[in-house]
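Have a look at the structure below, then the notes.
Residue numbers start from 1 in every chain, and the chains themselves are labelled A, B, ... in the order their sequence lines are given, proteins ahead of strands.
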Protein chains: 2
Amino acid sequence: MALPRAAKTQRRTRIQEEKEELILEAALEVFATNGFRGSTIDQIADVAGMSKPNLLYYFRTKEAMHRALIERVLDSWLDPLREFDAEGNPVTEIRGYIRRKLEMARDFPRESRLFANEVLQGAPRIEDALMGPLKSLVDEKATVIRAWAKAGKIAKCDPYHLIFAIWATTQHYADFDVQVRAVLGPDRAGEGRFEDAARFLEMLFVNGLGVGVPSTGTSGG
Amino acid sequence: MALPRAAKTQRRTRIQEEKEELILEAALEVFATNGFRGSTIDQIADVAGMSKPNLLYYFRTKEAMHRALIERVLDSWLDPLREFDAEGNPVTEIRGYIRRKLEMARDFPRESRLFANEVLQGAPRIEDALMGPLKSLVDEKATVIRAWAKAGKIAKCDPYHLIFAIWATTQHYADFDVQVRAVLGPDRAGEGRFEDAARFLEMLFVNGLGVGVPSTGTSGG
DNA sequence: TGATAATTTAACCGGTTGGTAAACATTACA
DNA sequence: TGTAATGTTTACCAACCGGTTAAATTATCA
């Protein structure tokens with residue numbers, strides 16, 4: 001039997017919704033800071049404020065919790081890239097993408113760390129997602145970027161490494177938050193650091209791709 | 001008693017040198033791919049090809065192994081930044097720094113992942129190093145960069161976020177290697193990816209900082 | 001309200017984990 | 001070669017870990 005007992009009830013109850021939500025929230029917290037192997041069911045149960053067997057009534061295994069979490073998070077994690085619009089102005093699109101990714105790093109650092117932990121440790125549980133949906137989406141957007149480069153709208157560059165660079169620089173502020181704050185020191189590490197980062201990164205990528213801000217109001221149609 | 005039995009011998013033997021080296025090498029492998037909590041002494045002993053009690057003869061605890069490893073790795077991890085020369089040409093220095101960091105990501109990915117794991121999980125065991133030696137070194141180099149910007153040698157920018165961006169983009173190729181390879185696919189993921197990355201990143205940062213390549217042969221002294 | 005479905009808890013289990021004690025084996029050196 | 005110092009193994013332990021069972025409790029609704 002692969003299903004938890006809660007999934008075998010005749011109807012789906014309010015309590016099930018609430019508790020599963022509560023558990024996934026706790027699991028996110030724990031997995032994000034300890035990785036899969038480093039996390040224990042007891043820890044998650046503790047954060048969720050319930051007993052271990054009670055938790056296991058809703059998710060049969062630790063794996064099941066992790067799987068549910070990854071599935072839910074993967075979609076929202078890919079959203080910023082999906083919004084990347086082939087029809088839009090290259091500079092506007094790239095700036096927008098950087099901004100959205102940076103906002104995610106600020107507002108959902110645990111989600112970012114969940115992935116980082118997983119990928120860092122060899123992505124044993126999300127390999128399929130990486131080679132499937134993720135790769136497809138990136139391939140699609142890479143084609144767009146390459147077309148922009150060919151049309152002379154941005155500098156000629158490898159679109160994949162451009163995307164990697166945007167991922168790396170933005171997620172850095174979630175994944176390496178402790179280091180960032182340690183280096184900036186107590187004074188400079190306030191919430192303003194995300195605005196400073198945004199300013200710097202927009203400059204870096206806009207100048208770096210060899211295109212100025214769109215000269216006049218070519219507001220996208 | 002805080003010392004392992006091997007440290008209490010009258011003289012330091014050849015076997016001690018060899019075995020400790022062997023253990024740290026194995027510990028690097030295991031810690032880098034599993035994080036601290038996710039790693040077991042048995043795993044490390046297994047990789048090192050010795051029994052657990054034998055290993056514990058040289059390092060009394062898992063913590064001790066990790067500590068020894070971090071201390072050793074921290075220095076070499078900071079080396080590329082130390083080489084950053086205030087007297088040099090800004091573009092040359094920044095390109096050189098990118099190149100050295102990228103080489104480290106290629107040649108010592110486990111060292112990079114060891115740190116990434118640690119920082120990602122809140123840096124409980126290296127907080128002091130981050131706020132001490134690391135911060136000091138970065139502060140020092142940030143001053144240099146700021147001076148360059150003030151002198152108009154590079155674009156005005158926040159030197160800290162510039163350094164973060166270089167760290168993020170280069171270490172990405174070690175820490176997120178699985179993802180990079182998954183996205184590039186089997187064809188494009190050969191060892192050439194590091195050269196592609198170098199080409200892209202040099203362009204990004206050199207153009208991004210608003211300075212062209214030094215016009216003529218100012219080959220560094 | 002009572003019966004039934006849904007939820008929670010207490011008690012437990014086998015395997016793993018970090019670490020120890022002490023017997024045993026090997027090395028170095030007089 | 002003998003012997004003391006060094007190194008390795010066997011056997012072990014208590015705590016932890018993922019997960020199960022069954023009984024007790026609570027919610028739902030006719």
### Message
With nearest nucleotide decided by heavy atoms, which residue, B/Met50 or A/Gln43, maps closer to the 5′ end of DNA chain D?
### Response
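First, find each residue's nearest nucleotide; the 5'-ward one identifies B/Met50.
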### Message
Both B/Asp42 and B/Arg14 contact DNA chain C. Which one's nearest nucleotide lies toward the 5' end?
### Response
B/Asp42
Below 4.0 angstrom from OP1 or OP2 of [N], is there any side-chain N or O of [X]?
X       : N      : result
B/Arg12 : D/dT6  : no
A/Ser51 : C/dT8  : no
A/Asn54 : C/dT9  : yes
A/Arg60 : D/dT20 : yes
B/Lys19 : D/dT8  : yes
A/Tyr57 : C/dT7  : yes
B/Gln16 : D/dG7  : yes
B/Thr13 : D/dA5  : no

### A/Ile41, nearest nucleotide to its side chain (from C/dG18, D/dT10, D/dG19)
D/dG19
### Query
Counting side-chain heavy atoms from C-beta on, which of C/dT8, C/dG18, D/dT20 comes nearest to A/Leu56?
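Among C/dT8, C/dG18, D/dT20, the one nearest the side chain of A/Leu56 is D/dT20.
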#### Entry: Any B/Arg188 side-chain heavy atom under 4.5 Å of A/Asp158 side chain
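Yes, side chains in contact.
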### Message
With heavy-atom distances below 4.5 Å as the criterion, would you say the side chains of A/Tyr97 and A/Thr92 are in contact?
### Response
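A side-chain contact under 4.5 Å is absent here.
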### Message
How many whole angstroms separate atom OH of B/Tyr58 from atom P of D/dT6?
### Response
11 Å
### Message
Distance check needed: C/dA25 P versus B/Ile15 CD1, whole Å only.
### Response
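Spelled out: CD1 on B/Ile15 to P on C/dA25 is 17 Å.
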### Message
For a quick test of reading the model, state the closest non-hydrogen atom pair linking B/Tyr58 to B/Asn54 and the distance between them.
### Response
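Nearest heavy atoms, B/Tyr58 then B/Asn54: CD1-O, 3.3 Å.
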### Message
Do A/Asp139 and A/Tyr160 pair up side chain to side chain, a donor and an acceptor below 3.5 Å, judged on atom types alone?
### Response
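There is such a pair (donor and acceptor under 3.5 Å, judged by atom type) between the side chains of A/Asp139 and A/Tyr160.
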